[in-house]
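Read the structure below first, then the notes.
Quick caveat, the model's predicted, so the values are computed rather than measured. Chain naming here is simple, since letters A, B, ... match the order of the sequence lines and numbering starts at 1 in each.
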Amino acid sequence: MKNKYSFFSLVKNAFSYHENWEKAWKDPEPKKEYDAIIIGGGGHGLATAYYLAKKHDMKNIAVVEKGWIGGGNTGRNTTIIRSNYLWDASAGLYDHALKIWEGLSQELNYNVMFSQRGVMNLAHNLQDVRDLKRRTHANRLNGIDAVYLNTEQVKKFCPIINTSPDIRYPVLGGTLQRRAGTARHDAVAWGYARGADEMGVDIIQNCEVKGIKRNGDRVEGIETTKGFIKTKKLGVVAAGHSSVIANMAGLKLPLESKPLQALVSEPVKPIIDTVVMSNAVHAYVSQSDKGELVIGAGTDDYVSYSQKGSHDIVEGTLNAILELYPIFSRMRMLRQWGGIVDICPDASPIISKTSVKGIYFNCGWGTGGFKATPGSGDLFAHTIANDEPHKLNAAFNINRFVSGDLVDEHGAAAVAH
Amino acid sequence: MFVINCPYCGEREQSEFKAGGEAHIVRPKQPTELSDDQWAEYLFMRKNIKGIQFERWVHTHGCRKWFNVVRDTSNDMIKAVYKMGEKPPTK
């Protein structure tokens, strides 16, 4: 049993100069066999292991990670959390996650710094206005909080936005989801890792999967840099590298992996207390608790695993940011990075069984997976444990690309993918 | 960010081009006879290779012609460029 983090543990450890904190998770060598193995130690993978152990009474579980936990897209995103998606299936999926976020710090006994500062989506042309109003109504019918704001209300909610009608893409209105916000991405990975470790999950880092062994239509185990590990259930949560893992199992996925970039500025005093996203000009911005502006850019349009995007993508985003927020014109950018995101043709994820018994995929989250971390883990754990999807992820099966029953959130999801 | 050697215009910045995805996916000859699985394969399933990939590009802000590129997607190094209708290089 781990010591609980509390005010008292903080004071107690202060006396020993914070040098004797218990390790948050062990660093074990892999066993010969597990009841379930999760490939990928990002937020979604660790959450999956956590809920498998917690809700489905599986104890002999391993998470194998090529690098270190939370070192991929979990630590590279703009930390935006919202659930204002258009379609019923997506609304159910993302709001399930948002509801878990609301109690996550208490549940994990780990401060994930979830901050419901609101997310505002801007409209810049007549079609945006119509789409955003439609989405507001759809959200409210699904029990998701949403309001439509006119230009004056946008200005009042976020005074630094340039609402002049003279700019190239003037602000005609926007939507606001007040329950939406941000969280500390690293803490999410660490909190789930600590929670999973406590329940006996082996978190194996620096362990790359090299092959998947199949016996006919059934999985037997995985070949890794730390040797062969046997398992009957294999959950793959490998984000941008999902197709690489799928190829090892002889499967093909409808994914394309592309670089997605983000950048942060030097830290400044509080200037923006919400998250503002703009689909039409593709710019979104929030401010971290350290004071940095966190700015999200778009994806490149070509497949690449290089973890670096094109300069013109960043330039386009900053053009839009500067027109909407002239006050940022002399800000200096501190760092910029790219992560590889796996994009589905309908911009919705896949949380599904496959044609190989015992292999499950959780992928295709594209540019917006962070927000779904707790819900994704919960539903994927359900799917693995019961060999059946939960009703909330039934629509996100891989067969939708055969049946044509797509969940088309391209553009509908309030941000370009 | 990289430079692409357009077979018609020569070397230009990648931002002048638009990527057209995986190359050599042949349009079904008898669309009416395809099963749902075959349609899914043709429309949606992609190799999404980490490594040497054959792909299509179009010089949008130039000659507007389509052509094929062989590129290593792990580091964006271009290995070869060839015109539409030409056989892909084997080495």
Side-chain angles (χ1 to χ4, degrees), chain A residues 66 208 238-248 250-259 261 298-316 336 338 340-348 350 354-355 363-364 397-406 408, chain B residues 1-6 11-26 28 31 34-62 64 66-81:
Chain A
K66 176 170 69 171
E208 186 177 352
H241 282 71
S242 297
S243 298
V244 177
I245 305 283
N247 288 341
M248 292 176 187
L251 294 167
K252 219 167 161 187
L253 296 172
L255 299 175
E256 286 195 309
S257 297
K258 296 173 177 182
Q261 295 179 87
T299 53
D300 280 294
D301 70 341
Y302 52 86
V303 169
S304 178
Y305 290 84
S306 66
Q307 292 201 340
K308 48 190 182 196
S310 306
H311 185 71
D312 53 296
I313 300 283
V314 172
E315 204 177 2
Q336 165 271 351
I340 303 305
V341 297
D342 44 329
I343 301 177
C344 259
D346 59 355
S348 286
I350 297 168
T354 63
S355 55
C363 59
N397 67 70
I398 198 164
N399 287 331
R400 72 177 189 267
F401 297 98
V402 177
S403 70
D405 193 9
L406 304 179
D408 188 8
Chain B
M1 189 147 154
F2 44 89
V3 169
I4 298 175
N5 189 7
C6 172
E11 291 190 344
R12 300 293 172 89
E13 289 278 335
Q14 171 266 319
S15 57
E16 285 191 17
F17 300 83
K18 184 118 180 66
E22 195 179 315
H24 307 298
I25 298 174
V26 182
L34 247 50
S35 68
D36 288 351
D37 280 314
Q38 287 167 316
W39 269 121
E41 181 73 21
Y42 167 70
L43 282 174
F44 298 124
M45 300 301 163
R46 295 292 175 264
K47 289 182 191 149
N48 197 22
I49 291 166
K50 183 180 188 179
I52 303 292
Q53 164 158 296
F54 294 79
E55 56 193 14
R56 301 175 305 158
W57 285 80
V58 58
H59 196 177
T60 321
H61 301 287
R64 298 174 67 190
W66 285 88
F67 57 94
N68 295 307
V69 172
V70 186
R71 184 171 57 95
D72 188 338
T73 59
S74 63
N75 57 14
D76 293 339
M77 295 286 282
I78 292 179
K79 306 291 179 190
V81 174

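- To the nearest 0.5 Å, atoms CZ (B:Arg71) and CZ (B:Phe2) are separated by 4.5 Å.
- Rounded to the nearest 0.5 angstrom, B:Asp72 CG and A:Ser304 OG are separated by 9.0 Å.
- Interface remark: B:Leu43 contributes no atoms to any contact with chain A (heavy atom separation under 4.5 Å).
- Using a 4.5 Å cut-off between heavy atoms, A:Asn247 touches chain B through its side chain atoms alone.
- Most heavy-atom pairs under 4.5 Å with chain B: of the set A:Asp312, A:Val303, A:Asp300, A:Asp342, this distinction falls to A:Val303.
- Per-residue counts of heavy-atom pairs under 4.5 Å with chain B were compared for A:Ser403, A:Pro254, A:Gly240, A:Ala246; the largest is that of A:Pro254.
- The contact between B:Asp37 and chain A is made by backbone and side chain atoms together, counting heavy-atom distances below 4.5 Å.
- In summary, B:Glu41 and A:Lys252 engage in a salt bridge, as defined by a charged side-chain N under 4.0 Å from a carboxylate O.
- Residue with the most contacts toward chain A among B:Met45, B:Gln53, B:Lys47, B:Glu55: B:Met45 (heavy-atom pairs, distance under 4.5 Å).
- Inter-residue side-chain proximity for B:Trp57 and A:Tyr302 is flagged as met; some heavy-atom pair is nearer than 4.5 Å.
- Looking at A:Leu251, there are no atoms closer than 4.5 Å to chain B (heavy atoms on both sides), in backbone or side chain.
- A side-chain hydrogen bond (donor to acceptor under 3.5 Å, both in side chains) with B:His59 is found for exactly one of B:Lys18, B:Arg64, B:Glu16, namely B:Glu16.
- Smallest separation of non-hydrogen atoms from A:Leu255 and B:Arg46: O-CB, 3.7 Å.
- Residue B:Glu13 does not touch chain A at all, counting heavy-atom pairs closer than 4.5 Å.
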